[in-house]
Amino acid sequence: MKVKADILAQEQELLAVFAEVRRDNQTLRVEGLGHRLQRPAGEPATRSYSLTGWNDIVAYHPADLVVTVEAGMSVKALNRILAEHGQWIPLTVADGQDDTVGGAVSAGLDGIWRGGYGSFRDRVLGLRVLTPGFGAIQVGAAVVKNVAGYNLSRLFFGSRGTLGIITQVTLKVSPLPQSRRYWAWEGSLSEMSAKANDLMGWATPWAGIAFIADPSQKGTRLWAAWHGVAETVDYLAATKEPGSPDLPLMTRPWKPGAVTLKGAVPRKTVQDVIGVWENGLLAVEWQSGGFLGTLSEEDAPRMENWIRERSGGVAVLSGLHEDLPVPPALMPIWKRLKDAYDPQAILG
Amino acid sequence: MNEAGVEELKQAVGPDFVLTDSMDLLPYSCDAYTLAQEAPAAVVLPGNTAEVQDVVRVLRSHHVPFLARGAGTSLSGGATPLNGTVIIHLSRMNRIIDIDTENQVVVVEPGVVNADITRALAPLGFFYAPDPSSQQACTIGGNFAENSGGPHCLKYGVTVNHIVMAETVTSEGERVVLGNLAGEPDAIDWLGLAVGSEGTLVIATKLWLRITHKPSESQTVLALFDDVNEASQAVSAVVAAGIIPAALEMMDRLAIYAVEKGPYRVGYPENLAAVLLIEVDGESREVHTMATRVQVILQKHLVREVRLAATPEEKNLWWANRKTAFGAMGLISPQYYVQDGVIPRSRLPEALERINEIGRRRDVRIANVFHAGDGNLHPLLLYDEHDKEMVRRVVDAGSEILAVCVELGGSITGEHGVGIEKREDMRRQFTESELAAQRALKHAFDPIDILNPGKLLPTASTCHDENAVIGTYPGRESTGE
Ligand SMILES: Cc1cc2nc3c(=O)[nH]c(=O)nc-3n(C[C@H](O)[C@H](O)[C@H](O)COP(=O)(O)OP(=O)(O)OC[C@H]3O[C@@H](n4cnc5c(N)ncnc54)[C@H](O)[C@@H]3O)c2cc1C
């Protein structure tokens with residue numbers, strides 16, 4: 001892909017920041033909209049650099065269902081542009097926050113549409129990354145299918161800027177559904193689980209089926225969204241339950257908790273994780289096991305262990321700082337990678 | 001491989017499972033990419049993960065490079081041994097271990113054949129989505145390594161989207177589990193890096209695959225065109241209209257001619273320029289609405305005839321006809337060379353025109369059978385291996401087609417991998433820094449370059465590692481063209 005001259009100039013500016021940070025013996029933290037920051041451990045001195053000014057569309061060909069954007073553009077802003085062409089990126093995070101596209105990739109975010117549209121990770125076709133070790137590199141490609149070389153997008157997704165700064169993201173986009181409908185219920189956990197199972201008998205796949213557990217309210221809430229052709233929506237509304245044309249209020253913005261965890265649990269464990277999640281908000285998607293939840297600083301490590309013991313994946317999204325979770329067996333590989341991509345360890 | 005090493009291998013897996021006789025080794029000297037061939041130093045057939053670990057440790061201690069092999073259907077030379085490599089053939093590790101419908105996962109050994117998984121799942125109402133045309137032969141281990149695709153990957157995604165966890169053996173003989181049952185990495189997606197790494201980072205010894213509910217309904221549409229350009233534009237128009245079919249395949253005139261000579265004759269009318277095979281699946285109302293909309297779009301693109309599969313038998317015949325298209329080339333040419341490149345799907349008319357022009361200019365017959373919906377081209381270049389001049393023209397034409405794919409904003413491979421075949425073509429798509437960043441990944445996993453060396457990356461312009469076991473590989477010049 002051709003890189004515009006002004007983008008190259010921006011990259012030079014950021015590469016100069018790399019040099020300054022190295023000279024001043026600091027580390028560099030790149031920020032997007034700032035909702036997903038981990039509290040830094042304190043030392044060494046951290047310098048912040050905001051990417052929110054990097055917010056242009058680089059390339060967009062609606063007929064190809066592919067878009068390349070600068071990393072600082074927010075998902076909502078991108079979706080406003082895509083909507084003009086009847087398309088979108090189905091990434092809505094359960095807490096209602098907006099994120100920059102680069103931040104979402106770097107933090108390994110996912111959202112409530114994972115069950116129906118697949119994971120956000122799978123939409124990332126390519127990235128442009130500034131690395132201290134190799135300079136500006138393009139990974140992946142701007143086409144929906146590509147196996148040329150290693151899939152380095154997978155190295156940067158979720159690595160929180162520790163190996164390089166993502167400056168552009170190429171994503172697979174989806175057509176906006178012709179029609180949508182939402183349903184919501186409240187009840188005990190077992191009632192809601194039975195309901196979720198029941199929904200799978202109505203039709204599949206749902207755009208999303210999410211449980212919301214909120215300690216300030218009794219019981220569990222469940223909402224389901226169908227995206228598709230008008231014929232199915234009308235059929236479900238007429239023969240099952242009427243539902244509503246809007247997202248239910250229960251997805252209102254969350255108050256930030258001390259620690260926010262994100263990840264996924266095996267499907268068999270969805271009901272259990274709701275049962276053991278104490279004193280924090282939790283949203284879990286039924287079809288995929290994807291979740292987002294808040295916890296106290298004391299409870300978060302316990303839940304992380306609980307999830308990993310059951311073969312789930314979990315990471316701190318915001319709050320308490322943690323080192324990038326790397327399985328012990330992979331530590332030597334991780335160290336060699338870090339040495340190659342960020343030899344002076346200037347990235348957090 | 002010296003005598004002592006062979007003895008140690010026999011101790012690790014049993015004497016019957018180490019092959020060293022030259023006649024036994026011959027079938028292993030290439031995979032389905034036949035332009036490079038070299039016999040392995042030995043072939044070892046371990047029966048379980050512990051044996052794979054032992055074999056790796058023995059070979060490492062003797063500084064002998066090794067690679068894993070499934071069914072040997074790779075089209076890029078990934079399973080071809082170079083410079084005294086030992087092949088670890090995983091055909092004995094071929095059990096379906098568990099089907100867990102609650103977690104929607106099937107647990108398999110790497111030597112299981114792709115199609116056997118869907119066959120085992122069918123009675124339970126599930127299927128395994130990635131369906132390479134070679135699915136009756138290729139193994140899940142090979143699919144893991146190549147990140148294989150198939151016609152139905154347009155809607156369902158490729159292999160990387162369907163493997164949630166893998167037990168692997170590293171180049172040092174360590175057992176490492178990548179991923180988890182939830183299919184969610186904590187941070188870095190190590191499993192996603194390993195999938196598609198062409199057997200150069202780890203050897204997969206057990207895989208947890210995501211299984212998918214069989215859609216309640218599907219409809220298959222066959223569209224017959226008199227003009228290949230109209231067919232290509234119809235492809236773009238379907239997707240641009242917001243319809244993501246389960247599959248959207250295309251064959252051109254020469255391909256149609258070949259498949260109609262094969263065992264699965266559809267009975268296409270004479271003189272067709274192109275055929276589109278389009279499948280929509282899902283909830284029944286969605287399917288009916290989408291299939292109708294597809295047909296309306298096709299009518300706007302000067303289609304000669306649109307057929308809707310009336311019975312499952314008819315649908316299966318259409319698919320068998322399409323999926324055996326590569327093999328059918330053998331009925332119209334002594335040899336064929338499969339290319340695999342990707343372009344943005346809106347550039348399809350231009351890409352096909354340029355491929356045609358390359359064929360004309362270089363005097364090479366080219367048939368096109370491909371995954372049109374995702375812009376994944378498969379030009380099939382026909383040749384006779386006895387005509388050395390023709391082989392050279394075919395190889396050059398293939399490489400020129402890849403240059404066109406990159407120029408149009410695409411990729412040099414969509415599913416068949418780089419292997420030996422496209423190592424140097426990698427330079428068309430990536431800069432030296434980008435290649436260095438890729439090399440760093442290989443180095444992190446395999447610092448002494450002992451696992452499937454000589455694949456995927458072009459030779460470094462400067463020597464990266466003095467300890468590297470392998471330096472060169474037999475390039476195109478040395479393949480006897
Ligand atoms: C007629 C025909 C049609 C085809 N159609 C398609 C198609 O539609 N889509 C598509 O994507 N491909 C297709 N292919 C290519 C090929 O079938 C795939 O690449 C397949 O995944 C290879 O599987 P295999 O078991 O034959 O692997 P092999 O050819 O034996 O090996 C391929 C690579 O995988 C590595 N490998 C094998 N097992 C393991 C393991 N357990 N761990 C680590 N590495 C391993 C090998 O080292 C090698 O690098 C086709 C090939 C043919 C001949």
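Labels below follow one simple rule: chain letters A, B, ... track the order of the sequence lines, proteins then strands, and each chain is numbered from 1.
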>> If you count heavy-atom pairs within less than 4.5 Å of chain B, which of Gly289(A), Gly312(A), Gly290(A) leads?
In response: Gly312(A)

>> As an exercise: rank Ala329(A), Ala63(A), Ala230(A) by heavy-atom pairs under 4.5 Å with chain B and give me the winner.
In response: Ala63(A)

> If you measure only the distance, is there a donor-acceptor pair under 3.5 Å linking the side chains of Thr68(A) and Arg128(A)?
Replying inline: no

> Tell me, side chain or backbone of Arg175(B) under 4.5 Å from chain A's heavy atoms, or both, or neither?
Replying inline: neither

> Where does the angle between the aromatic ring planes of Phe156(A) and Tyr341(A) fall among parallel (under 30°), tilted (30 to 60°) and perpendicular (over 60°)?
Replying inline: perpendicular

> Given that the side chain runs from C-beta out, which part of Thr431(B) has a heavy atom under 4.5 Å from chain A: side chain, backbone, both or neither?
Replying inline: neither

> In terms of heavy-atom proximity below 4.5 Å to chain A, should Leu191(B) be classed as side chain, backbone, both, or neither?
Replying inline: neither

>> Is Ser216(B) close to chain A through its backbone or its side chain, or both, or neither, when contacts mean heavy atoms under 4.5 Å?
In response: neither

> Which answer fits Val144(A), side chain, backbone, both or neither, if we ask what part of it has an atom under 4.5 Å from a heavy atom of chain B?
Replying inline: side chain

> Would a distance-only check, ignoring hydrogens and angles, find a side-chain to backbone donor-acceptor pair under 3.5 Å from Asp281(B) to Ala246(B)?
Replying inline: no

>> Is Ala340(A) close to chain B through its backbone or its side chain, or both, or neither, when contacts mean heavy atoms under 4.5 Å?
In response: side chain

> Using a cut-off of under 4.5 Å for heavy-atom pairs, which of Ile412(B), Asn376(B), Val406(B) has the most such pairs with chain A?
Replying inline: Asn376(B)

>> Testing Lys422(B), Arg428(B), Arg427(B) one by one against Asp425(B) for a salt bridge (Lys or Arg N to Asp or Glu O under 4.0 Å), which residue passes?
In response: Arg428(B)

>> If I measure from the heavy atoms of chain B, does Trp226(A) come under 4.5 Å with its side chain, its backbone, both, or neither?
In response: side chain

> What part of Glu198(B) is in contact with chain A, defined as an atom under 4.5 angstrom from a non-hydrogen atom: side chain, backbone, both or neither?
Replying inline: side chain

> Mind checking whether Tyr150(A) and Phe445(B) have ring centres under 6.0 Å apart?
Replying inline: no

> What part of Leu163(A) lies closer than 4.5 angstrom to a heavy atom of chain B: side chain, backbone, both or neither?
Replying inline: side chain

> At a heavy-atom separation under 4.5 Å, does Glu415(B) approach chain A through its side chain, its backbone, both, or neither?
Replying inline: both

> Under 6.0 Å from the NZ atom of Lys240(A), do we count more than 12 heavy atoms belonging to anything else shown?
Replying inline: yes

> Where on Gln104(B) is there a heavy atom nearer than 4.5 Å to chain A: the side chain, the backbone, both, or neither?
Replying inline: side chain

>> Please classify the contact between Arg121(A) and chain B as side chain, backbone, both or neither, with a heavy-atom cut-off of under 4.5 Å.
In response: side chain

